[in-house]
Amino acid sequence: MPTSLTRNFSIIAHIDHGKTTLSDRLMGATNTVAQRDEKEQLLDAMDLEREKGITIKSHPVAMEYKAMDGKTYKLNLLDTPGHVDFSYEVARSLAACEGAILMVDAAQGVEAQTVANLHLAHAQNLVIIPVLNKIDLPAADVEKCRRQLEDILAIPGEDAIPASAKAGIGIIDILEAVVARVPAPVENPDKLLRCSVFDSIYDTYRGVVSYVRVFSGTVKKGQRIKLMHTGKTYEVKEVGVFTPKMSARPQLVAGDVGYVIANMKSADEAKIGDTITDNTHPCPEPLPGYKEIQPMVFSGIYPVESSDYEALKAAMAKLQINDAAFTYGSESSTALGFGFRCGFLGLLHMEIIQERLRREFNMDVISTYPSVIYQVTLTDGSELIVDNPTFFPETQVIQEIREPVVNVYIMVPGDYIGDMMQLVLEKRGEVTNTETIDDMRVMLSCVLPLGEILVDFNDKLKSMTRGYGSMDYEHAGYRPANMVKMDMLIAGDPVEAFSTIVHRDKAESYGRMLATKLKDVIPPHLFVVAIQAAVGGKIVARESISAMRKNVTAKCYGGDITRKRKLLEKQKEGKKKMKMFGKVNIPQDAFIKVLKSG
Ligand code: GDP
């Protein structure tokens with residue numbers, strides 16, 4: 001099939017606006033999954049993948065569509081993860097396309113995520129096909145949505161296709177629009193091999209499967225290829241397309257979307273955004289847009305039982321083989337013992353890894369309070385990256401600290417705008433723009449420190465607006481901030497697991513909050529236990545736990561001896577779960593309780 005008949009596109013949408021339903025419809029309308037038993041097979045394949053330990057991701061799908069003009073087109077639908085943690089992956093997938101369907105739920109209107117996603121699509125110069133979905137719903141307001149597209153997104157409203165993915169309305173219109181509006185791929189005239197890797201999965205048996213878009217040239221089995229950023233060379237074992245299951249093909253040509261299997265052993269060999277070229281006839285330079293993936297959020301992960309350390313280490317190694325964005329290194333803490341400092345793309349990524357440790361590896365873990373990365377310039381002019389409060393330099397050698405900031409888009413019902421602005425201010429943010437979306441909603445554009453929105457910003461937004469608010473964000477570099485390290489001293493000794501990096505203005509309130517929490521979870525001792533929050537040796541908050549003589553057998557009146565022994569044993573057990581800090585016992589779950597609720 002000539003390249004002029006190929007169309008590469010993806011669907012961008014806010015969650016629940018109908019992306020999955022539309023994808024299924026498009027596959028149905030093009031007979032991509034024709035029979036029911038094939039569909040079941042597909043599900044089986046996914047279960048198998050799970051057993052083999054492959055990361056579950058939606059594959060791109062190659063469809064064939066006979067258009068009204070009588071020609072048969074090859075349509076490649078690329079899926080994109082719908083979360084800002086993976087915005088680099090989204091950007092690389094979009095870069096593999098020439099167009100995107102922008103899907104908006106006609107009953108809900110444009111949401112924050114739609115705005116953020118559209119920015120990514122614009123950055124790749126994609127042709128946008130707006131689709132207004134769910135027109136079967138009585139609440140759907142197509143005209144209002146057309147106006148929103150124009151006002152908020154600067155997209156001509158009349159271009160929008162009304163549709164219902166569920167009822168099957170407008171599906172052919174969408175397919176025709178893809179054929180007519182999305183440009184065909186254009187091959188570089190030198191015809192040297194240029195393939196961009198936009199995603200990869202790890203298969204226990206076959207190694208790394210790279211998802212690729214061929215921009216020019218041809219790639220086939222037996223060919224010697226080179227990855228331009230890593231400089232490594234491989235022999236191609238198999239190439240193919242997704243129908244949607246992986247189907248081997250003799251070759252992939254310019255414009256194609258498919259997969260390449262070479263003998264790669266770990267996910268970080270197929271770096272997302274890297275360019276595959278021919279080893280003997282390489283292209284002069286790699287395709288644009290490559291970026292080394294940098295973790296944005298760090299946290300310590302420790303086994304609950306210290307005897308699980310080796311097992312946890314093995315689990316981390318396995319996770320990293322199929323997720324190159326996840327990083328880890330050993331660290332130890334007096335409070336938590338031996339564990340790992342882990343790097344994640346964001347909070348969702350962190351949750352996914354923790355969940356996988358629990359589910360796939362049966363590990364019981366504690367994680368420490370997440371931290372972002374700070375850039376520090378020291379007085380001697382040297383630069384330092386700090387992702388762990390333990391390594392925060394002394395105040396007197398710091399010249400400047402910069403913290404990561406994000407552009408946040410928040411969509412809220414108009415009634416809540418005051419509360420929302422207040423929340424943004426509390427989080428050290430600034431509102432850069434407010435725009436009325438419709439008679440109900442307002443969109444705030446803000447700049448906020450990433451560290452401030454990590455833990456509870458989205459939860460607060462949701463509870464404040466009774467679930468009606470939505471938000472999304474994109475990274476916006478670093479800016480100077482007056483950050484300090486705050487230590488918690490318990491009976492005079494610093495307990496490093498509770499150390500955090502906070503803004504100077506917030507040290508006091510945060511210190512007070514932590515001290516109060518610790519007061520609740522540390523049991524009374526035979527002496528008064530002081531809990532202090534300190535910044536650079538200065539105490540900013542203080543609590544104390546009054547002394548108490550604990551006598552568990554007092555209640556037993558010397559009566560039943562077995563009952564007495566049972567109680568003593570119980571107390572012994574309780575002690576085992578404590579950790580000694582200087583003179584103070586801190587229960588193991590104190591760390592979980594305090595760290596969890598932040
Ligand atoms: P995604 O999160 O964007 O992938 O959204 P889904 O495709 O999972 O759809 C979210 C919900 O909206 C599901 O319950 C769908 O059945 C429903 N849905 C999707 N398209 C339509 C539509 O055109 N009309 C109606 N009424 N519901 C729809």
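We count ligands from 1, going down the list as the structure has it; atoms in each ligand are counted the same way.
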Notebook entry, point to check: Would you say K318 has more than 12 foreign heavy atoms packed within less than 6.0 Å of its NZ?
Noted result: no
Margin query: Is it the case that the ring center of H17 lies less than 6.0 angstrom away from the ring center of H14?
Written below: yes
Check: If you measure from the Lys or Arg side-chain nitrogens to the Asp or Glu carboxylate oxygens, is any gap between E64 and K71 under 4.0 Å?
Finding: no
Notebook entry, point to check: Is it the case that R359 places NZ or CZ above or below the six-membered ring of F361, under 6.0 angstrom from the centre and within 45 degrees of the axis?
Noted result: no
Atom pairs and distances, donor-acceptor, side-chain atoms in residues 251-262, under 3.5 Å, two or more places apart:
| residue | atom | partner | partner atom | Å |
| --- | --- | --- | --- | --- |
| D256 | OD1 | K74 | NZ | 2.6 |
| D256 | OD2 | V253 | N | 2.8 |
| Y259 | OH | E238 | OE2 | 2.5 |
| Y259 | OH | A248 | N | 3.3 |

Next item on the list: Below 4.0 Å from any atom of ligand 1, which residues have a heavy atom? Give them in chain and number order, please.
Entry: H14, I15, D16, H17, G18, K19, T20, T21, N133, K134, D136, L137, S164, A165, K166
Next item on the list: Evaluate the salt bridge (charged side-chain N to carboxylate O under 4.0 Å, His left out) criterion for residues K19 and D79: first the C-alpha distance (whole Å), next the side-chain angles of each, then the deciding distance (0.1 Å), finally the verdict.
Entry: CA-CA 9 Å; K19 184 159 103 171; D79 196 30; 3.6 Å; yes
